[in-house]
Amino acid sequence: MKENLLIIISTNNVDSILKFPLLYGGVSIPRGYWKRVHIIFWGASIEVAKNDEKVRQKVQDMQKDGVEFSSCIVCAQEYDAVESLEAINIPCNHTGELLNEALQNDKLWATLTV
């Protein structure tokens with residue numbers, strides 16, 4: 001049975017980010033839906049994570065419950081967001097590696113893209 005959830009956020013729609021991936025991702029560990037939740041900010045969502053205070057606060061609250069975050073380093077550099085993201089403990093790295101792992105090992109990972 002799958003135990004890990006990978007959510008990739010690429011939209012820049014703040015309302016959608018708050019009301020689906022961060023809402024569901026935020027309750028998934030406390031409610032026992034998933035043992036591990038990892039959320040990747042990719043593309044346009046990086047600018048939201050950099051600039052929107054509600055999203056930034058939600059990320060920090062979710063981290064307290066064990067939700068993991070990362071951001072595409074190439075995109076973060078393009079949005080001049082590396083320092084801002086790392087300030088709230090969102091590592092900027094080559095997220096394609098984790099995505100590839102999840103896609104190739106669908107017995108352990110469920111993957112959602114927003």
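Remember, it's a predicted structure, so these values are computed and weren't measured experimentally. The first residue in the sequence is number 1, and the count goes up from there. What you see below is based on every heavy atom in this structure, not just the backbone, and it leaves out hydrogens, waters and symmetry mates.
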Chemist: Nearest 0.5 Å, what's the OG-CG distance between S71 and N93?
Modeler: 8.0 Å
Chemist: Do S84 and R56 come within less than 4.5 Å of each other through their side chains, counting heavy atoms only?
Modeler: yes
Chemist: Quick one: are D80 and K50 in side-chain contact, heavy atoms under 4.5 Å?
Modeler: yes
Chemist: When you compare the side chain of I39 with that of L22, does any pair of heavy atoms fall below 4.5 Å?
Modeler: yes
Chemist: Which distance, rounded to the nearest 0.5 Å, do you find between the CH2 of W34 and the CG of N4?
Modeler: 8.0 Å
Chemist: Could you identify which residues cluster with I73, counting Ile, Leu, Val, Met, Phe, Trp and Tyr as linked when any side-chain heavy atoms lie under 4.5 Å apart, either directly or through a chain of such contacts?
Modeler: V74, V82
Chemist: With a 4.0 Å cut-off, would you call R36 and E68 a salt bridge?
Modeler: yes
Chemist: Under a 3.5 Å distance rule, please check whether S45 uses its side chain to pair with a backbone N or O of I9 as donor and acceptor.
Modeler: yes
Chemist: With a 4.5 Å limit on heavy-atom distance, are the side chains of F41 and L85 in contact?
Modeler: no
Chemist: Under the side chain to side chain contact (heavy atoms under 4.5 Å, CB included) rule, what do H38 and L5 come out as? Steps first, then yes or no, please.
Modeler: CA-CA 6 Å; H38 189 109; L5 175 63; over 6 Å; no
Chemist: With a 3.5 Å distance limit and no angle check, can you tell me whether Q63 reaches the backbone of I88 through a side-chain donor-acceptor pair?
Modeler: yes
Chemist: Using distance only, find each side-chain donor-acceptor pair of residues 95-114 under 3.5 Å and give its atom names and separation, not counting sequence neighbours.
Modeler:
from	atom 1	to	atom 2	distance (Å)
E101	OE2	W109	NE1	3.4

